[in-house]
Amino acid sequence: MVKKASLAAKGRECQDAGELQIGIKNKGVSALNFIISNSYAEMSVKAAHFVAAALKAKPDIVLGLPTGSTPIGMYQELVRMHKEEGLDFSQVSTFNLDEYRGLKGDHNQSYRYFMETNLFRHVNIKPENINFLSGVAKDPVAECKRYEEAIIKAGGIDLMILGIGINGHIGFNEPASKLEANSHIVKLTESTIKANARFFEHLEDVPREAITMGVGSILRSRNIILLASGTNKKEAVYGSMSGLVTTEIPGSLLQLHNEVTFFLDTEAAAKIKE
Ligand code: PGA
């Protein structure tokens with residue numbers, strides 16, 4: 001059964017990912033769909049099954065990929081599906097959302113390293129189909145241009161997968177009075193540096209800058225899903241679905257897109273259910 005949410009945004013609660021059709025274009029309204037799961041594990045499996053359905057429908061799919069704690073369960077389920085069910089990544093291309101500035105791809109806190117350990121080395125993706133913004137590019141402006149052109153050359157991103165920061169950031173697009181549309185260098189906010197410090201030995205080790213796709217790069221994707229889990233995400237989730245659009249909550253810009261689905265656990269969904 002499809003439930004209507006009491007939100008200003010035209011949210012649509014779906015029972016499961018099977019209800020969603022992939023690749024529907026232009027339903028005529030901006031509608032954020034959302035699927036609420038009872039646990040992080042359930043949310044992760046549902047998101048993975050959504051991605052797998054998209055991959056099966058288009059074996060040479062172009063994916064936009066996130067890092068962070070939230071997508072780890074989804075990646076684990078995708079790896080399981082590859083190993084046990086033969087989910088085939090041989091034609092898949094990927095573009096990761098962002099990378100820390102100053103970290104080489106083999107640094108154990110780089111996002112490239114994260115992706116290698118959580119997904120790439122466990123599935124049959126071709127190394128030449130993996131795309132990353134370089135955190136150590138000497139000319140970051142040229143690097144951003146190269147990345148945007150590579151996305152276009154690949155035919156655009158079919159399915160962008162996002163997490164969301166406690167402060168509402170998507171990728172590393174931090175809350176601000178203005179946001180850059182395309183890939184760019186960004187200074188991380190104190191709240192993001194603190195949130196990410198858990199992965200580093202010392203707070204001082206957390207990079208202060210990142211290179212990230214812009215909100216325009218994200219919104220040009222044909223289909224977008226966002227995963228959020230835990231009480232500390234409930235405000236960011238609410239702010240992203242409230243019906244108001246503001247660059248101070250970058251996730252709220254997703255309301256301008258026609259094909260967005262939020263995969264939430266009950267804690268992250270707590271405020272939208274109020
Ligand atoms: P998290 O990060 O999944 O580790 O909470 C999400 C993000 O900052 O985008």
Side-chain angles (χ1 to χ4, degrees), residues 7-9 30 32 64-71 95-103 109-111 132-137 139-148 151 157 160-200 203-221 224-228 230 232-257 260 262 268 271-272:
L7 286 171
S30 173
L32 287 172
L65 297 179
T67 50
S69 313
T70 312
F95 286 86
N96 262 82
L97 269 166
D98 47 17
E99 179 58 283
Y100 283 123
R101 279 271 280 161
L103 300 192
Q109 289 307 329
S110 75
Y111 287 164
F132 249 90
L133 283 157
S134 167
V136 291
D139 182 346
V141 175
E143 173 62 3
C144 291
K145 188 164 175 285
R146 178 197 69 77
Y147 206 57
E148 292 291 341
I151 294 172
I157 292 171
M160 170 67 72
I161 308 167
L162 299 172
I164 189 163
I166 295 165
N167 63 5
H169 74 203
I170 47 174
F172 267 134
N173 294 282
E174 299 281 34
S177 57
K178 289 180 189 170
L179 288 176
E180 296 222 26
N182 297 324
S183 295
H184 60 286
I185 302 292
V186 68
K187 285 200 185 330
L188 304 184
T189 61
E190 280 308 311
S191 105
T192 297
I193 291 166
K194 278 200 194 113
N196 291 2
R198 67 192 194 274
F199 300 113
F200 292 82
L203 183 64
E204 309 82 69
D205 298 338
V206 186
R208 267 41 188 176
E209 286 186 348
I211 183 165
T212 182
M213 281 188 200
V215 282
S217 330
I218 292 169
L219 290 172
R220 281 191 289 277
S221 309
I224 301 175
I225 65 172
L226 182 147
L227 281 61
N232 64 352
K233 297 291 173 70
K234 71 177 184 186
E235 294 291 341
V237 167
Y238 177 76
S240 299
M241 300 181 80
S242 72
L244 295 177
V245 173
T246 167
T247 56
E248 297 293 346
I249 308 173
S252 72
L253 295 167
L254 297 171
Q255 294 169 110
L256 301 175
H257 196 281
V260 182
F262 280 39
K271 192 152 181 194
I272 63 168

Quiz item: What pairs with Glu174 under salt bridge (charged side-chain N to carboxylate O under 4.0 Å, His left out), at least two apart in sequence or on another chain?
Solution: none

Quiz item: Relative to the ring of Tyr111, is the ring of Phe172 parallel (under 30°), tilted (30 to 60°) or perpendicular (over 60°)?
Solution: parallel

Exercise. For the pair Thr70 (side chain) and Ala228 (backbone), establish whether a donor and an acceptor sit closer than 3.5 Å, ignoring hydrogens and angles.
Key: no

Exercise. Using side-chain hydrogen bond (donor to acceptor under 3.5 Å, both in side chains) as the criterion, list what pairs up with Lys194, not counting sequence neighbours.
Key: none

Practice problem: State, yes or no, whether a side-chain contact exists between Ile211 and Cys144 at a heavy-atom distance under 4.5 Å. | Solution: yes

Quiz prompt | Residue pair Arg208, Ile193: steps toward the side-chain contact (heavy atoms from CB on, under 4.5 Å) verdict | solution = CA-CA 7 Å; Arg208 267 41 188 176; Ile193 291 166; 3.7 Å; yes

Quiz prompt | Residue pair Glu148 / Ser217, side-chain donor-acceptor N/O under 3.5 Å | solution = yes

Quiz item: Counting only N and O atoms by type, is there a donor-acceptor contact under 3.5 Å from the side chain of Ser110 to the main-chain atoms of Leu103?
Solution: no

Practice problem: Answer yes or no: is there a donor N or O on one side and an acceptor on the other, between the side chain of Gln255 and the main chain of Leu244, under 3.5 Å? | Solution: yes

Quiz item: Do Pro71 and Ile161 touch side chain to side chain, with heavy atoms closer than 4.5 Å?
Solution: no

Practice problem: First locate atom CG of Asp205, then atom CZ of Phe199, and finally report the distance between them rounded to the nearest 0.5 Å. | Solution: 14.5 Å

Quiz prompt | Exercise: identify the closest heavy-atom pair between Ala236 and Gly165 | solution = CB-O, 3.4 Å

Self-check item: Separation between CG of Leu65 and CZ of Phe95, rounded to the nearest 0.5 Å
Solution: 10.5 Å

Quiz item: Mind checking what makes salt bridge (charged side-chain N to carboxylate O under 4.0 Å, His left out) contact with Glu180, not counting sequence neighbours?
Solution: none

Quiz item: Is there side-chain contact between Met160 and Leu219, with heavy atoms separated by less than 4.5 Å?
Solution: no

Quiz item: Counting distance only, does the side-chain N/O of Lys233 pair as donor-acceptor with the main-chain N or O of Ile164 below 3.5 Å?
Solution: yes

Quiz item: Does any N or O in the side chain of His257 come within less than 3.5 Å of the main-chain N or O of Ile218, such that one atom is a donor and the other an acceptor?
Solution: no

Exercise. Find the distance between OH (Tyr100) and CZ (Phe200) and round it off to the nearest 0.5 Å.
Key: 4.5 Å

Quiz item: What is the distance from atom CG of Leu32 to atom OG of Ser240, rounded to the nearest 0.5 Å?
Solution: 8.5 Å

Practice problem: Evaluate the side-chain proximity of Ile151 to Met213: yes if any heavy-atom separation is below 4.5 Å, no if none is. | Solution: yes

Quiz item: Measuring from Asn232:CG to Asn167:CG, what's the distance to the nearest 0.5 Å?
Solution: 11.0 Å

Quiz item: Heavy atoms, side chains only, cut-off 4.5 Å: are Leu162 and Leu254 in contact?
Solution: yes

Quiz item: Are any of the side-chain heavy atoms of Thr67 and Asp98 separated by less than 4.5 Å?
Solution: yes

Quiz prompt | Closest contact, heavy atoms only, Val206 versus Ala197 | solution = CG2-CA, 3.6 Å

Quiz item: Mind checking what makes salt bridge (charged side-chain N to carboxylate O under 4.0 Å, His left out) contact with Arg146, not counting sequence neighbours?
Solution: Glu143

Quiz prompt | Heavy-atom check, side chain of His169 versus side chain of Val186, under 4.5 Å | solution = no

Quiz prompt | Leu188 side, atom CG; Thr212 side, atom OG1 - distance, nearest 0.5 Å | solution = 9.5 Å

Exercise. May I ask you to decide if Ile224's main-chain N or O and Ser221's side chain share a donor-acceptor pair within less than 3.5 Å?
Key: no

Quiz item: Would a 4.5 Å heavy-atom cut-off, applied to side chains only, mark His184 and Leu133 as touching?
Solution: no

Exercise. Using side-chain hydrogen bond (donor to acceptor under 3.5 Å, both in side chains) as the criterion, list what pairs up with Asn96, not counting sequence neighbours.
Key: none

Quiz prompt | For Glu209, all residues meeting salt bridge (charged side-chain N to carboxylate O under 4.0 Å, His left out), sequence neighbours excluded | solution = Arg101, Lys187

Exercise. Check the pair Leu253 / Ile170 against side-chain contact (heavy atoms from CB on, under 4.5 Å), numbers first and verdict last.
Key: CA-CA 10 Å; Leu253 295 167; Ile170 47 174; 5.5 Å; no

